[in-house]
Amino acid sequence: MFSLLVNIPANAKWAHNGVTIAGGHGKGDATNQLNRPHGLFVDDDQTVLIADHSNHRIMQWKNGDTTNGQVAAGGKGKGKGLHQLNSPTDVLIDKETDSLIICDCGNRRVVRWSRRSGTTQGEVLIDNIQCYGVAMDEQRYLYVADYGKDEVRRYQLGEKNGTLVAGGNGKGDELNQLNYPTYLFVDRQQNVYVSDVQNDRVMKWNKRATEGIVVAGGEGGGNALTQLYHPHGLFVDTLDTFYVADCYNYRVMRWTQGDKKQGTLVVGGDRRGEGANQFNFPIGLSFDRHGNLYVADRDNNRVQRFSIE
């Protein structure tokens, strides 16, 4: 995970138009299609892993091959067998074990799936959890957002109960509460950033804090630069600048640490649509180590890459 510490210049800009690097051939389950892609993860070699939500599978698209992906997990229909997934929402790579860790949302479990060839099923790491987003820190602790309990927990791999690190005080908009947390990012200090969707804000919970700090939004759902509207995918760079998929505003925003008041537009924001400069519910977000931006454009059934200029 943390070979992906990305150095992005403070004044960086990205191409206005994205290039489709996965999907974009309508909604479907062929290897060149996606169906409501959600979370994504970009490996060191620019291989992109995608939680292909409504196809109940994880797809892997190798850099340069934009015509077809390969099924990396699931793809055996919706179900709760160990060889199946049900509406996965997020995925990451655990380098140590060369495996995928998947938020198998519809099955209310987190599963691990080896990337070695010949793997036909996963193993359950955590069950009975309404998970949406997963993240891993440098010590290989796993963080899971539970939208049912409005909390984030940290787990040692193999542990079932975990430690509360954010929320857990019921659903609400106080600083010690969350309301439908989805995607996460954990920085090198083990501070947790969380998209607090129904509160239209991004929260940062410092390590061992009992309440969070609003670092973006929190001004009600809207499209001003001070606002977010159902934020989802998150990414934090080495300058602690963070990027968020501002889903219902059809844009990607960035916030620098110095400016808590308003963010700046990175890409999108040109109304909802399927143009190269438009989104239809951008939900997943990641970067490669060169600083190129990847966005899972959910209802356009594609992943867009925006090159850093």
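This is a predicted model, so every value here is computed, not measured. In this chain, residues are counted from 1 in sequence order.
- One distance of note links CZ of Phe306 with CZ of Phe287; it measures 10.5 Å at 0.5 Å rounding.
- Side-chain contact between Met136 and Ile101: present, with at least one pair of heavy atoms (C-beta onward) separated by less than 4.5 Å.
- Looking only at distances, no side-chain donor or acceptor of Arg305 sits under 3.5 Å from a matching main-chain atom of Val19.
- Cluster annotation: Ile126 is connected to Ile58 through the hydrophobic network of ILVMFWY side chains, with a link wherever side-chain heavy atoms come within less than 4.5 Å.
- The minimum heavy-atom distance linking Thr31 with Trp61 is given by the pair O-CZ2, 3.4 Å.
- Side-chain atoms of Asn107 never come within 3.5 Å of backbone atoms of Arg109 as a donor-acceptor pair (strictly under, hydrogens ignored).
- In terms of heavy-atom proximity, Thr89 sits nearest to Ala51 at C-CB, 3.7 Å.
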Is there a side chain to side chain contact (heavy atoms under 4.5 Å, CB included) between Lys207 and Asn191 once you walk through the steps?
CA-CA 5 Å; Lys207 189 175 179 181; Asn191 304 316; 4.0 Å; yes
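- Judged by distance alone, with hydrogens and angles left aside, the side-chain atoms of Asn128 form no donor-acceptor pair with the main-chain N or O of Arg108 at under 3.5 Å.
- From Leu178, atom CG reaches atom CZ of Arg201 across 7.0 Å, with rounding to the nearest 0.5 Å.
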Show me the donor-acceptor pairs within less than 3.5 Å that the side chains of residues 208-223 make with the rest of the protein, sequence neighbours left out.
none

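- Listed for the Asp246 side chain is a donor-acceptor partner under 3.5 Å among the backbone atoms of Tyr229.
- Aromatic ring centres of Tyr250 and Phe281 lie closer together than 6.0 Å.
- Residues Gln33 and Asp52 are not in side-chain contact: their nearest non-hydrogen atoms beyond the backbone lie 4.5 Å or more apart.
- Between the side chain of Asp137 and the backbone N or O of Gln139 there is at least one donor-acceptor pair closer than 3.5 Å.
- Considering every non-hydrogen atom in both Glu309 and His16, the closest pair reads OE2-N, 4.5 Å.
- Between Arg254 and Ile8, some side-chain heavy-atom pair lies under the 4.5 Å cut-off.
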For side chain to side chain contact (heavy atoms under 4.5 Å, CB included), just list the numbers for Val6 and Tyr243, CA-CA rounded to whole Å, side-chain angles, deciding distance to a tenth of an Å, and then say yes or no.
CA-CA 12 Å; Val6 179; Tyr243 302 78; over 6 Å; no
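- With contacts defined as side-chain heavy-atom distances shorter than 4.5 Å, the pair Asp150/Gln177 does not qualify.
- Nearest heavy-atom pair across Phe41 and Val91 is CB-O, 3.5 Å.
- Taking the six-membered ring for Trp and the full ring otherwise, the centers of Phe185 and Phe235 sit less than 6.0 Å from each other.
- Other residues, nucleotides and ligands contribute over 12 non-hydrogen atoms within 6.0 Å of the NZ atom of Lys171.
- Side-chain atoms of Val244 and Tyr193, non-hydrogen and from C-beta on, never get closer than 4.5 Å to each other.
- Defined by atom type and a distance below 3.5 Å, a donor-acceptor pair is missing between the side-chain atoms of His53 and Asn35.
- Residues Asp90 and Tyr183 bring no donor and acceptor atom of their side chains to less than 3.5 Å of each other.
- Counting only distance, with no hydrogens or angles, the side chain of Asp98 and the backbone of Ser114 share no donor-acceptor pair below 3.5 Å.
- Under the 4.0 Å criterion applied to side-chain N and carboxylate O atoms, Asp104 and Lys80 are not assigned as salt-bridge partners.
- When the options Asp196, Val197, Asp200 are evaluated for a side chain to side chain contact (heavy atoms under 4.5 Å, CB included) with Asn179, the one that passes is Asp196.
- For the residue pair Asn7/Thr238, the side-chain donor-acceptor check at 3.5 Å is satisfied.
- Note that OG of Ser54 is 8.5 Å distant from CZ of Arg298, once rounded to the nearest 0.5 Å.
- Considering CD of Gln190 and CZ of Arg154, their distance stands at 5.5 Å, rounded to 0.5 Å.
- Taking both residues in full, the closest heavy atoms of Leu184 and Ala135 are given as CB-CB, 4.1 Å, listed atom of the first, atom of the second, then distance.
- The side-chain heavy atoms of Leu157 and Arg112, taken from C-beta on, include a pair separated by under 4.5 Å.
- Using bins of under 30°, 30° to 60° and over 60° for the plane-to-plane angle, the ring pair Tyr132/Tyr147 lands in the perpendicular bin.
- Criterion: ILVMFWY side-chain heavy atoms under 4.5 Å apart, direct or through other members. Under it, Leu293 and Leu239 are not part of a common hydrophobic cluster.
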Given the rule in the side chain to side chain contact (heavy atoms under 4.5 Å, CB included) test, do Leu265 and Met253 qualify, once you have shown the distances and angles that lead to the verdict?
CA-CA 5 Å; Leu265 178 69; Met253 298 290 289; 4.1 Å; yes
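- Between Tyr155 and Tyr141, the ring center distance fails the sub-6.0 Å criterion.
- Counting all heavy atoms, side chain and backbone alike, Pro37 lies closest to Ala296 at O-CB, 4.0 Å.
- Under the 4.5 Å side-chain heavy-atom criterion for ILVMFWY residues, no single connected hydrophobic cluster contains both Tyr180 and Trp205.
- Within the model, atoms CG of Asn301 and NZ of Lys27 stand 6.0 Å from one another, a figure rounded to the nearest 0.5 Å.
- With hydrogens and angles left out, the side-chain atoms of Gln60 and Arg115 include a donor and acceptor closer than 3.5 Å.
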Carefully, step by step, assess Gln304 and Val267 under the rule side chain to side chain contact (heavy atoms under 4.5 Å, CB included).
CA-CA 11 Å; Gln304 298 289 88; Val267 289; over 6 Å; no
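- Atom OG of Ser286 sits about 11.0 Å away from atom CD1 of Ile50, to the nearest 0.5 Å.
- Taking the side chain as every heavy atom from C-beta outward, Asn300 and Thr20 never approach each other to under 4.5 Å.
- Follow the hydrophobic side-chain contacts under 4.5 Å out from Val303 and you never reach Ile283; the two are in separate clusters.
- Note on Val192 and Leu175: same hydrophobic cluster, where clusters join Ile, Leu, Val, Met, Phe, Trp and Tyr whose side-chain heavy atoms are under 4.5 Å apart, directly or indirectly.
- Not a single donor-acceptor pair under 3.5 Å links the side chain of Arg36 to the backbone N or O of Ser87.
- Residues Arg140 and Thr97 meet the side-chain proximity criterion, which asks for heavy atoms closer than 4.5 Å.
- Of the possible polar contacts, one joining the Asp288 side chain to the His290 backbone as a donor-acceptor pair under 3.5 Å is found.
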